[in-house]
S.K.: 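Questions regarding the structure given below will be posed in turn.
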Amino acid sequence: MSEFVTRFAPSPTGYLHKGHAFSALSAFDAARAADGRFLLRIEDIDTTRCKPEFEQAIHGDLAWLGLKWEAPVRRQSEHFPEYHAAIDQLAARGLVYRCFKTRKEILEDIARAPHHPGEGPDGAIYPRPAEPMSADEETERLDAGEAFAWRLSLRAVEAELGDLSRLTFIEEGHGPNGETGEIAIRADLIGDVIIGRKDVGTSYHLAVTMDDALQGISHVIRGEDLFFATSVHRILQSLLGLPVPVYRHHALLTGPDGKRLAKRDRSLTLKSIRDSGISARELRLQLGFNW
Ligand code: GLU
């Protein structure tokens, strides 16, 4: 039987909260049950929002929670050249294109679209321009030093991979609507998603997909808020020739108001839970982990 390898992959943009603890414990316990490996990965491509103090707190909070992970810990900010090389490869194959539009212009395009283009994993789906930008205009804008994002061209991807609904992944947990088993991806929810952000030249989607493959992750265990993003990851796996892990999405914890927990709910951070005197064992029990 092949090895079971899973990970917890937080972004150090704030303190971890109870929901993160649930996710981390789910992955850790699954690895333990399967006699497998548990890794921690720091997803810090957002160099403006990520802070060293949050990264330090992640280590402290997870150790307090009773988790152990392998060293060294992969930090995405140390691997930008690898992500950029993958984009170059996709660009050379004509699978991504430069998008110079500002957020405001994109919102205007969405408002002008005859039908609302719908919501995807990254918010409103980008209504692709009818015509690609001319080579002259592109050169002009590049020469002027204008910033651009790399967008996946679904049209080019379809030309290369064929009918995208034939791409599937195995869901051992469930999506937000109870989706489970063999799942066909939803290209209609993706649109020409950003693969390389204007500021850092990569994106969560690309970095997570490449790292899961590089680290030999066999099982991705994470919140169901990322279920639809898996469609993007599945396409990237096909384009880059990467293995497809098994996915186990889990429900998100909700607060007393029924809304999902977010980093801004200060009272629910592990830091404040620890400060209030609750023991790690008490918290684990509260979250359904009896050890
Ligand atoms: N870094 C992502 C987050 O903090 C999670 C990535 C993943 O598990 O795929 O939401």
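Nothing fancy with the numbering, it's 1 onward along the sequence. Whatever order the structure lists ligands and atoms in, that order sets their numbers, starting from 1. Below, each value reflects all heavy atoms present in this structure, side chains not excepted, and no hydrogens, waters or symmetry copies.
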S.K.: Can you tell me which residue among Thr209, Thr230, Val220 is in a side chain to side chain contact (heavy atoms under 4.5 Å, CB included) with Pro245?
M.R.: Val220

S.K.: Where does the angle between the aromatic ring planes of His17 and His20 fall among parallel (under 30°), tilted (30 to 60°) and perpendicular (over 60°)?
M.R.: tilted

S.K.: Salt-bridge test for Glu138 and Arg141: reply yes if a basic N is under 4.0 Å from a carboxylate O, no otherwise.
M.R.: no

S.K.: Check ligand 1 against Arg7 and write out every atom of the ligand that is under 4.0 Å from a heavy-atom position of the residue.
M.R.: 7 (C), 8 (O), 9 (O)

S.K.: Under a 4.0 angstrom heavy-atom cut-off, which atoms of ligand 1 come close to Ser11?
M.R.: 1 (N), 4 (O)

S.K.: Of the non-hydrogen atoms in Thr13 and Phe54, which two are nearest, and what is the gap between them?
M.R.: C-CD1, 3.6 Å

S.K.: Heavy-atom distances under 4.0 Å decide this one: backbone, side chain, both or neither, for Val220 against ligand 1?
M.R.: neither

S.K.: Indicate the ring-plane relationship of Phe148 and Trp150, choosing parallel, tilted or perpendicular according to the 30° and 60° boundaries.
M.R.: perpendicular

S.K.: Checking side chain to side chain contact (heavy atoms under 4.5 Å, CB included) between Pro12 and each of His59, Gln56, Glu55, which is the one that passes?
M.R.: Glu55

S.K.: Can you list the atoms of ligand 1 that are under 4.0 Å from a heavy atom of Val208?
M.R.: 9 (O)

S.K.: Which one holds for Phe8 and ligand 1: side chain close, backbone close, both close, or neither close, with close meaning a heavy atom under 4.0 Å?
M.R.: neither

S.K.: Do any nitrogen or oxygen atoms of Ala9 come within less than 3.5 Å of a nitrogen or oxygen of ligand 1?
M.R.: yes

S.K.: Report the member of Glu43, Arg41, Arg222 with the shortest heavy-atom distance to atom 6 (C) of ligand 1.
M.R.: Glu43

